[in-house]
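Notes for the one structure printed next.
Chain identifiers are assigned alphabetically (A, B, ...) following the order of the sequence lines, protein sequences preceding nucleic acid strands; residue numbering begins at 1 within each chain. We use all heavy atoms of the structure for the numbers below, so side chains are in, but hydrogens, waters and symmetry mates are not.
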Amino acid sequence: MKKILLVILIALCAAAVFAGGQREKSQGKDLTSELAFADWLSAQDAFRPHIEAGLDQFLKENPQIKLNHLSWQYGQYLNQLLVLAGSGEAPDVALLPYESVPVFAQKNLLEPIDEWYTKENKGNFFPAGLKSSYYNGHYYGVPFYAAGIGLLRNTKLMAEAGLDPSKAPETWDDYLEIARKVSALGPDIYGTDVRYAGGAMITYIWPWFVQGGGSIVDDHGNVTIDSKETIAVVEFLAEMYKEGLNVPGAPIQREMNEQFALGKLAFLQQGPWIYKVLAVTDPDFDDYAVSRMPKGPVKSGTGFHAGVLVVFNQTKNKEGALKLLDYWTGKGQDYVWDAQNAVATKDAWEKQAEIHPYAGKEGFLPDWTSTFKDLAEDADFDPFIFLPDSAKISEIFITEVTNALLQEKTAEQAMKDAGKQIRSLLGQ
Amino acid sequence: MKIMNSKAIGNRIVDKFSFMAFLFPAFLILFLVTLGPIIQAVNFSLRDVDLLSTEKPFIGFKHYINLFSDGVFWKSLYNTGIYACGSVAGQFVLAFLLAILLNRQLKGTIIFRMLALVPWITPLVVVGLLWRWMYHPSFGILNQILQGLGIISEPLGWLGDTSLALPSVIIADIWKRTPLMMIMLLAGLQAVPTELYEAGKIDGTNWLQEFRHITLPSMRETIGVVVLLGVIWNIQQMVIIWLMTKGGPAHATQTIVIYVYKNAFEFFDMGYASAVGIMMMIISLILAVIYLQIVREKE
């Protein structure tokens with residue numbers, strides 16, 4: 001009996017080895033018509049139909065291509081891509097948050113796509129979008145959507161506070177005055193949305209740094225986080241926090257949006273993708289207005305956010321991958337708009353500003369799209385994302401700014417500590 | 001001297017090898033899922049490795065040396081200690097009280113026992129999100145109750161304040177884990193011989209003396225095991241903290257496990273993450289040895 005079992009066991013092992021060999025052989029088929037595309041937007045119900053409709057249209061136009069669409073929630077998205085890349089199974093094309101493009105390029109995972117850019121199509125992208133796709137002398141990505149951070153205000157709360165709701169704050173002082181008066185309306189009404197939990201903080205706090213002349217590093221990679229301009233920005237933000245103008249705690253992005261949508265927050269710094277969230281509680285948009293961020297003591301400007309399409313260097317179908325880039329930055333931008341209310345190219349922004357100039361029903365916020373189109377032109381980000389260890393730098397920044405906001409340290413001490421840590425990390 | 005024929009020798013060899021062949025898959029799985037990763041982690045901790053690097057240069061004990069000057073590591077270690085001890089202490093007090101109550105033959109004890117298990121059977125992810133919602137500054141029930149009772153005038157940012165965040169997370173953990181500890185303590189209580197209590201009653205002991213001189217000494221080993229296991233489990237706890245605070249604000253709730261995760265999957269520094277993980281494993285190992293010692297003494 002034991003002998004029989006032993007023979008069966010050996011036979012099973014041999015069968016398993018043989019089956020593995022068969023699988024290897026089956027993988028040897030022609031892959032040139034196959035294309036894998038990954039994104040995180042499709043993992044959310046609100047965005048999935050639009051991205052899938054866009055991909056269906058692409059497949060109609062390119063019937064020879066067999067598409068494998070991958071999507072994961074954002075929280076696990078980058079790790080999934082890295083795991084796939086580590087096992088040699090990276091998708092051909094993937095959507096990356098703009099700050100991750102240099103990280104993936106540093107890991108030698110991306111295919112340079114300099115040949116995709118021409119003089120004409122290059123001029124169709126906003127400066128920050130192009131900057132975020134360029135690393136170490138090569139273009140590694142193409143913006144999928146790109147937008148600046150705008151300032152939304154709750155006009156109902158402003159009217160209740162005796163303020164003119166039609167007047168957007170033009171300076172930091174104007175902003176502070178409105179935030180104070182709205183905040184005085186009640187113990188659970190707040191003026192500002194300075195602090196977020198986690199990585200979102202850096203996106204939504206960044207407009208203040210742009211306007212105040214603050215930065216983490218300069219264009220040459222020298223640490224500037226402890227400059228007097230940066231310290232002044234953090235002092236301003238900490239002062240608002242100390243006064244209790246900010247939503248307490250550290251809400252995640254969704255919770256901060258909810259505070260604004262439920263009429264508990266005077267200002268919300270957000271991109272145009274906030275449209276769908278606000279439309280749920282106020283489809284007419286009659287409680288909101290949108291404007292540029294107020295001008296800071298140093299300059300005007302705002303923060304930036306983009307999704308960038310990249311081609312992995314493991315691709316066996318670069319031609320198909322570049323076709324997909326052509327599509328998403330051309331006709332596909334209509335579907336991107338439907339999903340995100342933001343697009344990447346100047347042409348697409350102008351088209352959408354004509355088709356959908358407003359937010360909500362026609363006439364309620366007629367300057368919505370044009371405001372965000374202009375902001376996309378002005379938006380900028382800190383060049384620290386191009387440095388090795390950018391994720392650690394981001395963590396140091398968030399930690400020390402939080403220390404200053406929560407009055408654990410003075411703004412000066414917090415930024416000096418941040419500077420010391422980042423210099424040590426970069427060997428400066 | 002007994003001489004075996006060739007058939008008997010053949011059978012013995014087949015017996016021996018078939019025995020090994022049947023054990024081999026189990027050993028292989030054990031090696032792959034337990035020992036292999038540990039060996040790999042030790043190997044990585046001595047190298048400069050990121051998640052995808054093909055080159056993994058040997059750097060000796062550099063990561064371990066860097067740990068000593070890494071303020072975030074020490075802060076995480078400190079938080080881990082506070083979290084594990086605070087949570088286990090809270091669990092223990094509550095679990096012991098509940099176990100004593102449920103050990104009595106009262107009406108409805110079975111229903112109460114079942115209800116007490118609800119937090120334990122609730123998935124960790126649900127617990128994390130539930131408590132995050134309860135602590136929400138504007139919509140959370142906790143602030144509403146405290147404001148309604150006039151204890152606080154303005155909503156508190158429970159998870160966003162450096163001094164409140166860690167205790168808040170500990171409370172959520174206590175809620176989740178107390179039932180399991182209660183069951184273990186209840187089992188210990190039920191094993192205490194009733195004759196001891198009867199003898200105590202004859203000697204005229206009151207409930208406090210009964211608890212101090214009979215219950216506690218009889219439960220010594222059980223308590224030791226339960227507390228140590230609780231500490232070991234809590235050191236490895238990640239889900240609740242990650243869902244509630246992701247280790248923030250400003251590292252106020254960052255434990256060693258969170259630090260390992262961040263280094264490995266956010267900073268992509270697998271070598272350093274492995275070194276931190278090995279340090280954590282050593283600490284857990286010391287506690288495990290103490291646990292085994294207690295179990296052996298009990299036996």
Side-chain angles (χ1 to χ4, degrees), chain A residues 1-3 5-7 9-10 13 75-76 78-79 82-83 85-86 103-104 106-109 187-190 195 197-199 201 244 246-252 255 258-259 262 264-265 389-396 398-409 414 417 421 424, chain B residues 10-11 14-15 17-22 24-25 50-54 69-72 75 132-133 135-140 143-144 147 152-165 168 242-252 254 261-269 272:
Chain A
M1 184 65 187
K2 280 177 187 171
K3 279 181 195 170
L5 281 172
L6 186 62
V7 169
L9 190 69
I10 291 166
C13 289
Q76 48 170 314
L78 296 179
N79 284 338
L82 288 169
V83 169
V103 176
F104 278 63
Q106 281 161 14
K107 294 188 178 306
N108 199 27
L109 292 173
D188 60 344
I189 306 288
Y190 305 97
R195 195 168 148 234
M201 181 170 157
N246 197 74
V247 176
I252 55 174
E255 290 169 348
E258 282 164 1
Q259 293 272 1
L262 291 170
K264 289 178 175 287
L265 185 57
D389 289 325
S390 58
K392 278 186 187 171
I393 295 172
S394 172
E395 169 96 350
I396 292 167
I398 291 167
T399 302
E400 292 302 341
V401 170
T402 301
N403 275 327
L405 293 179
L406 296 179
Q407 324 292 316
E408 296 286 325
K409 294 178 183 176
D417 286 352
Q421 292 170 64
S424 161
Chain B
N11 280 341
V14 169
D15 279 354
F17 279 99
S18 60
F19 164 74
M20 285 168 70
F22 282 113
F24 177 72
D50 77 13
L51 205 58
L52 291 164
S53 55
T54 46
S69 58
D70 181 353
V72 182
K75 171 84 178 162
R132 185 179 169 86
W133 190 243
Y135 283 130
H136 194 287
S138 301
F139 317 120
N143 273 339
Q144 285 179 15
Q147 277 181 300
I152 55 170
S153 57
E154 288 190 349
L156 290 176
W158 295 96
L159 301 176
D161 187 296
T162 44
S163 54
L164 292 175
S168 302
W242 188 255
L243 284 166
M244 290 175 77
T245 62
K246 284 194 161 60
H251 302 143
Q254 183 161 292
Y261 179 84
K262 279 188 175 175
N263 273 290
F265 298 107
E266 288 190 355
F267 310 150
F268 308 121
D269 193 345
Y272 196 66

For the [atom1] atom of [X] and the [atom2] atom of [Y], what is their distance to the nearest 0.5 Å?
| X | Y | atom1 | atom2 | value |
| --- | --- | --- | --- | --- |
| A:Q76 | B:F265 | CD | CZ | 12.0 Å |
| A:Q259 | B:S138 | CD | OG | 3.5 Å |
| A:N79 | B:F268 | CG | CZ | 6.5 Å |

Between side-chain atoms of residues 242-250 of chain B and protein atoms elsewhere (two or more places apart, or another chain), which donor-acceptor pairs fall under 3.5 Å?
unit_1: B:T245; atom_1: OG1; unit_2: B:I241; atom_2: O; d: 3.2
unit_1: B:T245; atom_1: OG1; unit_2: B:G247; atom_2: N; d: 3.2
unit_1: B:T245; atom_1: OG1; unit_2: B:T253; atom_2: OG1; d: 2.6

Toward chain B, the part of [X] with a non-hydrogen atom under 4.5 Å:
| X | answer |
| --- | --- |
| A:L262 | side chain |
| A:K392 | both |
| A:V401 | neither |

Side chains of B:V72 and A:E395 in contact at under 4.5 Å (non-hydrogen atoms):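 With C-beta onward as the side chain, the pair stays apart.
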Please classify the contact of B:F139 with chain A as side chain, backbone, both or neither, using a heavy-atom distance under 4.5 Å.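 Answer is side chain: those atoms of B:F139 sit under 4.5 Å from chain A.
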Pick one of side chain, backbone, both or neither for B:N263, based on which atoms fall under 4.5 Å of a heavy atom in chain A.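 Looking at B:N263, just its side chain touches chain A.
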Between A:E255, A:E258, A:E400, A:Q421, which shows the greatest number of heavy-atom pairs under 4.5 Å with chain B?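 Top count of heavy-atom pairs under 4.5 Å with chain B: A:E255.
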Closest non-hydrogen atom pair between A:P187 and B:P155, with its separation: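 Shortest heavy-atom contact: O-CD, 3.7 Å.
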Relative to chain A, which of B:E266, B:E154, B:K262 shows the most heavy atom pairs under 4.5 Å?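 With the most close heavy-atom pairs to chain A, the winner is B:K262.
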